[in-house]
Amino acid sequence: QPNQFQIKVVLLGDSGVGKSSIVVRYIEDRFYEDLEATIGASFLSKTIELQNKVVKFNIWDTAGQERYHALSKMYYSDSQAAILVYDITNRRSYDAMKQWYRELKEFGPRSLMIAVAGNKEDLVENEEVDMNEAREFAASIGAIYKKTSAKTRYGIDQIFREIATKGKYT
Ligand code: GDP
Ligand code: MG
């Protein structure tokens, strides 16, 4: 159907930033204080209606550890979109997120919709990365920027919706 399209989305970022929690919140509308660590990658999908289109997200949640970088390439190489996640209370995770961007730029597909998610927005009082800095970085790479909280659901639907509306998919 012409009004139906699929978007393969991969989540990348350091371990512990909340990638799996974002996916679980988006798909199941649940939050776990102590989610089991992802091994390798897991796959979930969700179909939404957007204006007069039907969009199916095929979501790949990866493990962020260094040793999985080679593996991650399998997931992002044929993706249409990537969500680069960092934890707003953890500066190191922000630097790691930028490293993921460099990897995507070097080895990823040429046309890729990128969204940067500053997750754990509910812990904003412990913020270590200034939002403007992150937003400027996202703008500089042509990416969407959103603060999210898997815990409160803040920004979760919006980031996926923007991925669908701002990218060019067929
Ligand atoms: P992943 O390794 O990137 O997949 O991270 P997880 O989804 O496993 O989350 C790591 C930890 O952070 C878990 O204890 C989650 O409950 C917690 N977490 C994830 N997202 C949020 C959030 O938005 N707010 C808060 N307060 N905790 C979160
Ligand atoms: Mg995980």
Side-chain angles (χ1 to χ4, degrees), residues 7-50 55-76 79-104 113-135 137-138 143-165:
I7 306 173
K8 180 174 168 182
V9 183
V10 64
L11 281 92
L12 300 167
D14 248 9
S15 182
V17 296
K19 298 178 299 297
S20 302
S21 298
I22 287 171
V23 176
V24 168
R25 172 58 86 189
Y26 187 56
I27 305 273
E28 297 177 15
D29 203 12
R30 287 172 199 262
F31 178 74
Y32 302 93
E33 291 289 346
D34 210 347
L35 204 64
E36 266 181 60
T38 315
I39 307 293
S42 69
F43 168 79
L44 286 162
S45 68
K46 176 165 172 139
T47 301
I48 62 164
E49 271 184 51
L50 204 85
V55 181
K56 184 179 180 200
F57 289 107
N58 295 317
I59 304 167
W60 288 90
D61 171 26
T62 65
Q65 291 91 340
E66 195 62 36
R67 65 200 152 107
Y68 290 116
H69 270 243
L71 193 73
S72 304
K73 192 173 182 215
M74 297 193 325
Y75 300 102
Y76 66 66
S79 290
Q80 281 86 50
I83 304 179
L84 299 180
V85 186
Y86 71 96
D87 170 351
I88 67 162
T89 71
N90 182 333
R91 180 90 213 174
R92 218 178 40 166
S93 77
Y94 179 75
D95 297 332
M97 180 277 289
K98 288 183 156 181
Q99 195 54 46
W100 276 108
Y101 170 68
R102 285 183 215 108
E103 178 165 339
L104 279 183
M113 164 57 81
I114 298 176
V116 174
N119 193 43
K120 308 198 186 182
E121 185 276 338
D122 56 290
L123 302 176
V124 69
E125 67 274 16
N126 301 324
E127 191 167 57
E128 278 188 6
V129 182
D130 180 63
M131 182 171 77
N132 293 319
E133 179 187 347
R135 194 189 273 140
F137 169 74
I144 292 167
Y145 176 72
K146 276 272 174 286
K147 271 194 171 177
T148 58
S149 170
K151 187 168 183 172
T152 66
R153 205 173 205 273
Y154 181 88
I156 302 290
D157 280 335
Q158 289 88 329
I159 200 165
F160 282 94
R161 223 179 301 127
E162 280 200 30
I163 285 169
T165 53

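The two atoms that bring V55 and A164 nearest to each other are CG1-CB, 4.2 Å, heavy atoms only. The two atoms that bring V124 and K147 nearest to each other are CG2-NZ, 3.8 Å, heavy atoms only. Minimum interatomic distance between S45 and I27 (heavy atoms only, all atoms of both residues): O-CD1, 3.6 Å. A pairwise comparison of heavy atoms in V129 and N90 identifies CG2-O, 4.4 Å as the closest pair. Of all the heavy atoms in L35 and S20, the pair that sits closest is CD2-CB, 3.3 Å. Looking at every heavy atom in both residues, T62 comes nearest to L11 through OG1-O, 2.7 Å.
The line from CD1 of I88 to CG of N126 is 8.5 Å long, rounded to the nearest 0.5 Å. From Y154, atom OH reaches atom NZ of K146 across 8.0 Å, with rounding to the nearest 0.5 Å. Rounding to the nearest 0.5 Å places CD1 of I22 at 9.5 Å from NZ of K120. In this structure, CD1 on I7 lies 7.5 Å from CD on Q80, to the nearest 0.5 angstrom. In this structure, I144 CD1 and I159 CD1 are separated by 6.5 Å, a value rounded to the nearest 0.5 Å. Rounding to the nearest 0.5 Å places OG of S149 at 6.5 Å from CD1 of I156.
The main-chain N or O of Y75 is found under 3.5 Å from a side-chain atom of K8 such that the two form a donor-acceptor pair. Remark: side-chain polar atoms of N119 are not paired, donor with acceptor, to backbone N or O of V85 under 3.5 angstrom. Judged by distance alone, with hydrogens and angles left aside, the side-chain atoms of E127 form no donor-acceptor pair with the main-chain N or O of T89 at under 3.5 Å.
L104 places a side-chain heavy atom less than 4.5 Å from the side chain of L84. Side chains of I59 and V10 form no contact here, defined as non-hydrogen atoms less than 4.5 Å apart. In this structure, R25 and D29 have side chains that are in contact, with non-hydrogen atoms separated by less than 4.5 Å. Side-chain atoms of T47 and F57, non-hydrogen and from C-beta on, never get closer than 4.5 Å to each other. A 4.5 Å side-chain heavy-atom check between Y76 and V9 finds every atom pair outside the cut-off. The shortest side-chain heavy-atom distance between K46 and L44 does not fall under the 4.5 Å cut-off.
In this pair, F160 and Y26 present their aromatic rings parallel. The plane angle is below 30°, not in the 30 to 60° band.
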CA sep, side-chain torsions, deciding dist, call: F137, Y145, side chain to side chain contact (heavy atoms under 4.5 Å, CB included): CA-CA 9 Å; F137 169 74; Y145 176 72; over 6 Å; no
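A donor-acceptor pair shorter than 3.5 Å cannot be found between the side chains of Y94 and E128. A donor-acceptor pair shorter than 3.5 Å cannot be found between the side chains of T152 and D122. Checking S93 against D14 by side-chain atom types alone, no donor-acceptor pair falls below 3.5 Å. Side-chain atoms of Q158 and R161 form no donor-acceptor pair, as typed in the model, at a separation below 3.5 Å.
Enclosure of atom CZ in R92 is not indicated, since only 12 or fewer non-hydrogen atoms of other residues, nucleotides or ligands lie within 6.0 angstrom. Atom CZ of F31 has more than 12 heavy atoms from other residues, nucleotides or ligands within 6.0 Å. No more than 12 heavy atoms of other residues, nucleotides or ligands lie within 6.0 Å of CZ in R30, so this atom counts as exposed by the packing criterion. No more than 12 heavy-atom neighbours from other residues, nucleotides or ligands sit within 6.0 angstrom of CD on E49.
Take F43 and apply the ring-ring contact (aromatic ring centres under 6.0 Å, His included) test, not counting sequence neighbours, and it matches W60.
K151 and E121 are not joined by a salt bridge, as no carboxylate oxygen comes within less than 4.0 angstrom of a charged side-chain nitrogen.
Checking each of V116, D87, L12 against M97 for a side chain to side chain contact (heavy atoms under 4.5 Å, CB included) leaves exactly one that passes, namely V116.
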